[in-house]
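For reference, the structure discussed in these notes is given below.
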Amino acid sequence: MFKPTSFRSICVYCIATVIVVLSGCESKLDSTSPEQLLGKFNPQHDLLLAQFDSKTDVDDIHSVAAVATILQHPNLAKVKYHAVAGAYGIQEGEYVPAPELFELAFADHWSDAHADRNKALADVLILVRASLKQGGDIWIAEAGQSDFSAMVIRALISAEPDILTQQKIHIVQHSDWNQDNTSADALAYVKIHSDYHKIPDGNTLNNGTAGYKSDNSLDWTRALNNKKVGVLWQSAQQIADKYNGQDGRYNNESIAQGGFDFSDAAELTWIFALEDAQDVSGFFDQFLL
C-alpha cells in the first residue's frame, strides 16, 4: 500500500532530482544560460578555428555547410569563430575552390589560405592573441591536416613566448589519412606544442564519435528546403557535385551516389559534446530549425 511521505521529504527528493538533472545539461542545446559550457568549449571566452583543407576530397564542401549549420543554432550564438579555407598539408592533387560557399557560411569570418597563406596566418594570429589575452582557449577543428595549425603555433610562440600553448591551444583532428598527409615536422610539432586530440574517424558510425558519411539521399530534401540554411546546402551540393572526381580529384563515392559526407563536422560535435547528433539524420534532426 502506498504511504504518503512528508512534505519535507518530498522537497528534499525534488531538490536532489533537479541537481542531478542539471548536472547533465552541459552537453545539450536546451539552455540559454550565458555561463553554460558547450561541452569542452567556453563560449564566453574561447575561440573556435574551423580549418578546411578542401584538397582533393569534396567532403570539406559538405562540411563547410554542416559547420555553418551547427553555428547558426541559437544556443551557439555566442560562439566566437573564424574559418580558414585551404589549410592543407602535403597531399597531391587539385584544390576545390569554394569562396562563394565560405562567404555564405561565414560572411567575413574566414580567411583564404589557398589564395594567400601569409595573410591568412596574420589574420588568425590577431584573433588568437586577442582571445588568449582575454583569458580564452583556442579550439582548432582540423577538417584536414595540421600544417597550418603548426604555422599558427610557431608564430604565436614567436610573438608571445610566455604563453603555455600546450594548455591553451587544443587541436582536434580525425582520420588516419589527415595525419598521414600532414608533414612529419608539423605533426610532431603540434603534438608537442598543443593539447592534441586524435578522435575516432568521423566517416564511421559507432566508434565513439559521430559518423557523418552516408550514401542515403533522403535527407537532402529537408536540407535544401530549410529556410535558414537551405541556400548553404544548395551551394555545397552544387560545388561538390561539380568537382567530385574531376581533374584527378578524389572521387567521393557517397557524394557521387547522391549522399552526404560532412565527416569533418564530427570534430565540432566532439568539442561541443553534442551527443544527440550521431549520424546524418540525427544531425539534421538537431540542427534544422
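The model shown is predicted, which means the values in this text are computed figures rather than measured ones.
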* **Residue E253 excluded, over 12 heavy atoms near CD under 6.0 Å** =>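 12 or below, so no.
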
* **Within 6.0 angstrom of K242 NZ, more than 12 heavy atoms from elsewhere** =>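 No, not enclosed.
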
* Asked: Between F284 and W233, is the gap from one ring center to the other below 6.0 Å?
  ->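 They qualify: ring centres under 6.0 Å apart.
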
* Asked: For the residue pair F262 and F283, is the inter-centroid distance of their aromatic rings smaller than 6.0 Å?
  ->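 That pair passes the under 6.0 Å test.
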
Sub-4.5 Å side-chain heavy-atom contact between [X] and [Y]:
| X | Y | answer |
| --- | --- | --- |
| D112 | F102 | no |
| E94 | Y243 | no |
| T182 | Q173 | yes |
| D241 | I255 | yes |
| I169 | V152 | no |
| W110 | E103 | yes |
| T165 | R154 | no |
| E100 | S235 | yes |

Enter the distance from [X]:[atom1] to [Y]:[atom2] here, rounded to the nearest 0.5 Å.
| X | Y | atom1 | atom2 | value |
| --- | --- | --- | --- | --- |
| S175 | D180 | OG | CG | 8.0 Å |
| L127 | L48 | CG | CG | 11.5 Å |
| N178 | D201 | CG | CG | 8.5 Å |
| K80 | L71 | NZ | CG | 12.5 Å |
| K119 | S111 | NZ | OG | 6.0 Å |
| T69 | L76 | OG1 | CG | 11.5 Å |

* Apply side chain to side chain contact (heavy atoms under 4.5 Å, CB included) to the pair Q51 and S146, showing each step before the final yes or no. => CA-CA 9 Å; Q51 299 179 176; S146 299; over 6 Å; no

Is a donor on one side and an acceptor on the other found under 3.5 Å between the side chain of [X] and the backbone of [Y]?
| X | Y | value |
| --- | --- | --- |
| Q286 | D276 | no |
| D147 | A87 | no |
| S263 | K213 | no |
| S214 | G259 | no |
| T209 | P200 | yes |
| W139 | D46 | no |
| N225 | T221 | yes |
| D53 | Q145 | no |
| H73 | N75 | yes |
| E267 | E142 | yes |

Would [X] end up clustered with [Y] when hydrophobic side chains under 4.5 Å apart are linked, directly or stepwise?
| X | Y | answer |
| --- | --- | --- |
| L49 | L121 | yes |
| V96 | Y88 | no |
| L125 | L132 | yes |
| F52 | V84 | no |
| V229 | I61 | yes |

* Fit a plane to each ring of H197 and W270, take the angle between them on a 0 to 90° scale, and name the class: parallel (under 30°), tilted (30 to 60°) or perpendicular (over 60°). =>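 Judged by the thresholds at 30° and 60°, the geometry between H197 and W270 is tilted.
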
* Begin from the C-alpha positions of Y196 and L187 and carry the test side chain to side chain contact (heavy atoms under 4.5 Å, CB included) through to its verdict. => CA-CA 10 Å; Y196 176 87; L187 186 59; 3.8 Å; yes

* To do: Assess whether salt bridge (charged side-chain N to carboxylate O under 4.0 Å, His left out) is satisfied between K198 and D176, documenting all intermediate values.
  => CA-CA 9 Å; K198 168 66 159 51; D176 292 338; 3.1 Å; yes

* Without hydrogens or angle criteria, can the side chains of H174 and D264 be said to hold a donor-acceptor pair below 3.5 Å? ->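 Yes, because at least one side-chain N or O of H174 sits under 3.5 Å from a partner of the opposite role on D264.
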
* Answer with yes or no whether the side chains of H170 and D195 bring together a donor and an acceptor at under 3.5 Å. =>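 Distance-only check passes for D195 and H170.
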
* **Criterion side chain to side chain contact (heavy atoms under 4.5 Å, CB included) on I140 and F148, from CA distance to verdict** => CA-CA 10 Å; I140 304 178; F148 189 79; over 6 Å; no

* Asked: What do the steps show when you test Q72 against L289 for side chain to side chain contact (heavy atoms under 4.5 Å, CB included), and what is the final call?
  -> CA-CA 9 Å; Q72 60 83 42; L289 304 177; 4.2 Å; yes

